Amino acid sequence: MKTDMYDLYEFLTPINKTAINDGEPYNDSQLANFIKIYEEELPDLSGVDVIIAGINEFRGEGFVMEQNAADVIRKEFYQLHYWHKDIAIADLGNIKCGATLADSYASAKTVIAEMLRLKKTIIIIGGSHDNTLAQYYAYKDLKAVIEATVIDATIDLRSESTLRSHNFLMEMLTSEPNMVKHYNHIGFQSYFVHPRMLETMDKLKFDCYRAGIAKEQLEEMEPVIRNTNLLSFDIAAIKHSDAPAAMCSPNGFTGEEACNLIRYAGLSPSISSLGIYGYNPLYDVRNLSALQIAQMLWYFIDGKSRRNQEADLDERQNFNEYHTSFASVDTIFIQSKKTGRWWMELPDKKLIACSYSDYLFASNNEIPERWLRAQERDS
């Protein structure tokens, strides 16, 4: 259903950027002075590339939030410096929580769907991880078939739990009609995941990457994220020492690795919504976790700025082209002269994101696993 921008007033709460910074002024290069912020009137979104919206719905985690998690993140983000003048940013304030959890999902879905309809990239900050459902519902509302990726230390398919944040993936991946054509999970920690759960994911031809593998070959996650439309990041994927509010595990991604993963998202031409969830200021130390998320947002914008330098795939003069054969299959790999990224051709002539290692496998007459998995899904 099409929504007029002005209908969104009933779903959004404005923010006061001066109050967020405890009344302190911002200097002339800080982000707060360059973001179109909903303080009194909804901003004009024409020409805007990235839109931020906060959500403070935590009932899916089993408690009602008393602090404004999204604004704590904003406080740190607004103070960062604006380096990417080619990326215009707007902040729609906070999505109102409803009388029930389902009402909150519905409000968030309405806002996100409108941004998707306007072909804007929207970032959701704050709230428990089950708010990913609102992200998904927005695509479903628009009847858009998507590829989804979740970055999390756990796989939230725990049907034995009564907490929505522990089992929301069940609805997202199995409800009918289903709009998820493919699902990736990055950063799971094996000791938190039932072995049969991974067997089920494999039978569904979904791709799951253990934290240790992802950390060892972080650049291999870039093609995974490049193909994604919906990305959901639970800060539980970050080790506790690097994000004190991430209470899940002493192990996981470092802060730098988390920033790199989100930078990959900014580089993606496919991603239209990003959610960074799980931040609870009650567990934070000196706002370090909020600052971590703020820096992740900064790196998303950095990636998006660099993506603007990438040529379209049909501009072949801007790519190196390599013809190779493996297992009696002739295929083409192309590499961008501008960013160094790789794509490979499937038998149906479709180009999918890949990495240099996929090219090396093919050159050694071995079938790249990424190519094989893509073929299995299409068969």
Side-chain angles (χ1 to χ4, degrees), residues 8-22 26 30-32 35-40 42-43 48 50-61 63-80 89-98 101 103-112 114-115 120-135 138 165 231-236 238 243-246 258 262 273-284 286-301:
L8 295 181
Y9 278 108
E10 64 178 291
F11 300 106
L12 296 166
T13 302
I15 54 178
N16 184 325
K17 73 175 183 181
T18 303
I20 283 174
N21 203 37
D22 301 323
Y26 298 96
Q30 287 178 311
L31 277 162
I35 299 174
K36 294 182 175 182
I37 299 172
Y38 172 29
E39 293 191 273
E40 295 178 356
L42 280 172
V48 170
V50 175
I51 292 167
I52 297 167
I55 189 164
N56 294 300
E57 178 56 80
F58 281 84
R59 280 174 287 187
E61 191 65 46
F63 60 93
V64 178
M65 237 353 241
E66 304 228 345
Q67 296 191 47
N68 194 330
D71 281 359
V72 180
I73 297 168
R74 277 192 183 92
K75 178 179 181 180
E76 302 302 327
F77 181 62
Y78 283 5
Q79 293 179 21
L80 302 181
I89 309 165
D91 190 333
L92 294 182
N94 294 320
I95 298 168
K96 294 177 182 177
C97 292
L101 187 55
D103 291 338
S104 292
Y105 292 159
S107 295
K109 178 205 72 172
T110 300
V111 174
I112 297 167
E114 178 62 12
M115 296 306 106
K120 305 297 182 181
T121 302
I122 182 164
I123 303 175
I124 308 298
I125 55 173
S128 49
H129 199 198
D130 54 290
N131 287 289
T132 304
L133 275 177
Q135 259 182 281
S165 62
L231 179 62
S232 171
F233 193 113
D234 190 333
I235 66 164
I238 306 174
I262 296 300
S273 75
L274 163 66
I276 302 180
Y277 302 111
Y279 173 64
N280 187 338
L282 296 174
Y283 301 139
D284 208 354
R286 299 179 62 187
N287 284 5
L288 285 174
S289 306
L291 181 56
Q292 170 67 45
I293 296 170
Q295 291 177 0
M296 290 163 69
L297 296 177
W298 191 95
Y299 273 99
F300 180 86
I301 294 163

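Here the structure is a predicted model, which is why all the values come from computation and not from measurement. Only heavy atoms go into these numbers, but all of them, side chains included; no hydrogens, no water, no symmetry mates.
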Quiz item: Does the side chain of Ile55 reach to within under 4.5 Å of the side chain of Ile125, using non-hydrogen atoms?
Solution: no
Quiz prompt | With sequence neighbours excluded, residues passing ring-ring contact (aromatic ring centres under 6.0 Å, His included) with Tyr38 | solution = Tyr9
Quiz item: From Ile73 CD1 over to Leu297 CG, what is the distance, rounded to the nearest 0.5 angstrom?
Solution: 7.5 Å
Quiz item: Residues two or more places apart in sequence or in another chain: which of them pass side-chain contact (heavy atoms from CB on, under 4.5 Å) with Ala245?
Solution: Ile235, Tyr279, Tyr283, Asp284, Ser289
Quiz prompt | Results of salt bridge (charged side-chain N to carboxylate O under 4.0 Å, His left out) for Lys75 - residues two or more places apart only | solution = Asp22
Quiz item: Do the non-hydrogen side-chain atoms of Phe63 and Asn280 ever get within less than 4.5 Å of each other?
Solution: yes
Quiz item: Quick one: are Thr110 and Leu8 in side-chain contact, heavy atoms under 4.5 Å?
Solution: yes
Exercise. Output all residues satisfying side-chain contact (heavy atoms from CB on, under 4.5 Å) with Ala258, sequence neighbours left out; order by chain, then residue number.
Key: Phe233, Ile238, Gln292, Met296
Quiz item: Which atom names give the shortest non-hydrogen contact between Asp130 and Ser165, and what distance separates them?
Solution: OD1-CB, 3.5 Å
Quiz item: Sequence neighbours excluded, which residues qualify as side-chain contact (heavy atoms from CB on, under 4.5 Å) partners of Ser104?
Solution: Glu57, Arg59, Cys97
Quiz item: Looking at CG of Leu101 and OG of Ser128, how far apart are the two atoms once the value is rounded to the nearest 0.5 Å?
Solution: 7.0 Å
Self-check item: Which residues share a side chain to side chain donor-acceptor pair (under 3.5 Å) with Asn16, sequence neighbours left out
Solution: none
Exercise. Give the intermediate values and the outcome of side chain to side chain contact (heavy atoms under 4.5 Å, CB included) for residues Asp71 and Asn94.
Key: CA-CA 9 Å; Asp71 281 359; Asn94 294 320; 3.4 Å; yes
Exercise. Could you list the residues that satisfy side chain to side chain donor-acceptor pair (under 3.5 Å) with Gln295, not counting sequence neighbours?
Key: none
Quiz item: Is there side-chain contact between Leu31 and Tyr26, with at least one heavy-atom pair below 4.5 Å?
Solution: no
Practice problem: Under the side chain to side chain donor-acceptor pair (under 3.5 Å) rule, collect the residues that match up with Ser232, sequence neighbours excluded. | Solution: His129, Thr132
Quiz item: Got a sec, which residues hit side-chain contact (heavy atoms from CB on, under 4.5 Å) with Asp91, two or more places apart in sequence or on another chain?
Solution: Ile15, Ile35, Ile37, Ile52, Arg74, Tyr78
Exercise. Begin from the C-alpha positions of Ile124 and Ile112 and carry the test side chain to side chain contact (heavy atoms under 4.5 Å, CB included) through to its verdict.
Key: CA-CA 9 Å; Ile124 308 298; Ile112 297 167; 3.8 Å; yes
Quiz prompt | Set of side chain to side chain donor-acceptor pair (under 3.5 Å) partners for Lys96, sequence neighbours left out | solution = none
Practice problem: Identify the heavy atoms of Pro281 and Ala69 that sit nearest to each other, and give their distance. | Solution: CD-CB, 3.7 Å
Practice problem: Take Val50 and Ile123, measure what side chain to side chain contact (heavy atoms under 4.5 Å, CB included) needs, and give me the verdict at the end. | Solution: CA-CA 7 Å; Val50 175; Ile123 303 175; 3.6 Å; yes
Exercise. Search all heavy atoms of Leu231 against all heavy atoms of Gln135 and return the closest pair with its distance.
Key: O-NE2, 3.4 Å
Quiz prompt | Heavy-atom check, side chain of Leu92 versus side chain of Leu42, under 4.5 Å | solution = yes
Quiz prompt | Approximate separation, where rounding is to 0.5 Å, of Ile20 CD1 and Gln79 CD | solution = 10.5 Å
Quiz item: Does some side-chain heavy atom of Thr13 sit less than 4.5 Å from a side-chain heavy atom of Ile95?
Solution: no
Practice problem: For Lys17 and Glu39, work out which heavy atoms get closest and say how close. | Solution: N-OE2, 3.3 Å
Practice problem: Taking all non-hydrogen atoms of both residues into account, name the closest pair between Pro43 and Lys36 and its distance. | Solution: CB-CB, 3.7 Å
Quiz prompt | Closest non-hydrogen atom pair, Tyr277 against Gly126 | solution = CD2-O, 3.2 Å
Self-check item: Interatomic spacing from CH2 in Trp298 to CD1 in Ile262 - rounded to 0.5 Å
Solution: 14.5 Å
